[in-house]
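Inspection log for the structure reproduced underneath, given as structure tokens.
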Amino acid sequence: MDAEWIAVTLNDALSALQELVDDVEAAPEAVEEILREGMPSVFAKLNYAWNTRHTGPSAIDTTDHDQLVAWPKDVPGL
């Protein structure tokens, strides 16, 4: 695994999460709407980090976008 690639993708997810937290703190009365709008992006970026951990940036050219951001098949969950 390419630790640098993983750090880049996780930092992208971290930025999206921080933006979501900032939005919630700025407008707590709109938390449900903010979460509905922002959480899919956070999950997609985390899923992308996980789904490309072995292939790195070349996954963009070799894998369907929906598969890149989908919930990982090898992670229990939803």
Side-chain angles (χ1 to χ4, degrees):
M1 281 190 242
D2 181 344
E4 185 177 340
W5 172 252
I6 293 170
V8 166
T9 58
L10 288 176
N11 274 307
D12 188 35
L14 181 61
S15 294
L17 179 57
Q18 184 60 60
E19 184 177 327
L20 184 59
V21 169
D22 293 345
D23 290 348
V24 167
E25 289 176 344
E29 70 285 352
V31 67
E32 185 168 352
E33 180 182 332
I34 292 167
L35 287 179
R36 285 186 187 276
E37 217 172 88
M39 286 297 288
S41 177
V42 172
F43 277 115
K45 290 173 183 286
L46 287 170
N47 294 343
Y48 181 78
W50 181 262
N51 290 331
T52 64
R53 71 192 184 284
H54 293 296
T55 54
S58 67
I60 295 167
D61 298 324
T62 60
T63 308
D64 178 69
H65 179 278
D66 289 341
Q67 290 176 330
L68 291 174
V69 299
W71 185 263
K73 293 178 182 175
D74 56 346
V75 174
L78 303 175

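Basis for what follows: all heavy atoms, side chains included, without hydrogens, waters or symmetry-related copies. Throughout, residue positions are numbered sequentially from 1 according to the sequence presented. Treat the numbers as computed from the prediction; the structure is a model and nothing was measured.
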Please answer: with hydrophobic residues joined when any side-chain heavy atoms are less than 4.5 Å apart, are Val42 and Ile34 in the same cluster? yes
Report, one line per pair, each donor and acceptor closer than 3.5 Å where one atom sits in a side chain of residues 20-33; sequence neighbours left out.
| unit_1 | atom_1 | unit_2 | atom_2 | d |
| --- | --- | --- | --- | --- |
| Asp22 | OD1 | Gln18 | NE2 | 2.8 |
| Glu32 | OE2 | Arg36 | NE | 3.4 |
| Glu32 | OE2 | Arg36 | NH2 | 3.0 |

Would a single hydrophobic cluster contain both Leu17 and Val75, if residues Ile, Leu, Val, Met, Phe, Trp and Tyr are joined by side-chain heavy-atom contacts under 4.5 Å? yes
As an exercise, state the distance from CD1 of Ile6 to NE2 of His54, rounded to the nearest 0.5 Å. 8.0 Å
Expected list for residues 56-63: side-chain donor-acceptor pairs under 3.5 angstrom, two or more places apart:
| unit_1 | atom_1 | unit_2 | atom_2 | d |
| --- | --- | --- | --- | --- |
| Ser58 | OG | Thr55 | O | 2.9 |
| Thr62 | OG1 | Ser58 | O | 3.2 |

When you look at Leu10 and Leu46, which way does the side chain to side chain contact (heavy atoms under 4.5 Å, CB included) test go after all the steps? CA-CA 7 Å; Leu10 288 176; Leu46 287 170; 4.2 Å; yes
OG1 of Thr9 to CG of Leu14, rounded to nearest 0.5 Å, is 11.5 Å
When rounded to the nearest 0.5 Å, the distance separating OH of Tyr48 from NE2 of His65 is 8.0 Å
With side chains defined as the heavy atoms from C-beta onward, is the minimum distance between Val69 and Asn51 less than 4.5 Å? no
I'd like to check the salt bridge (charged side-chain N to carboxylate O under 4.0 Å, His left out) partners of Asp12; sequence neighbours left out, ordered by chain and number. Lys45
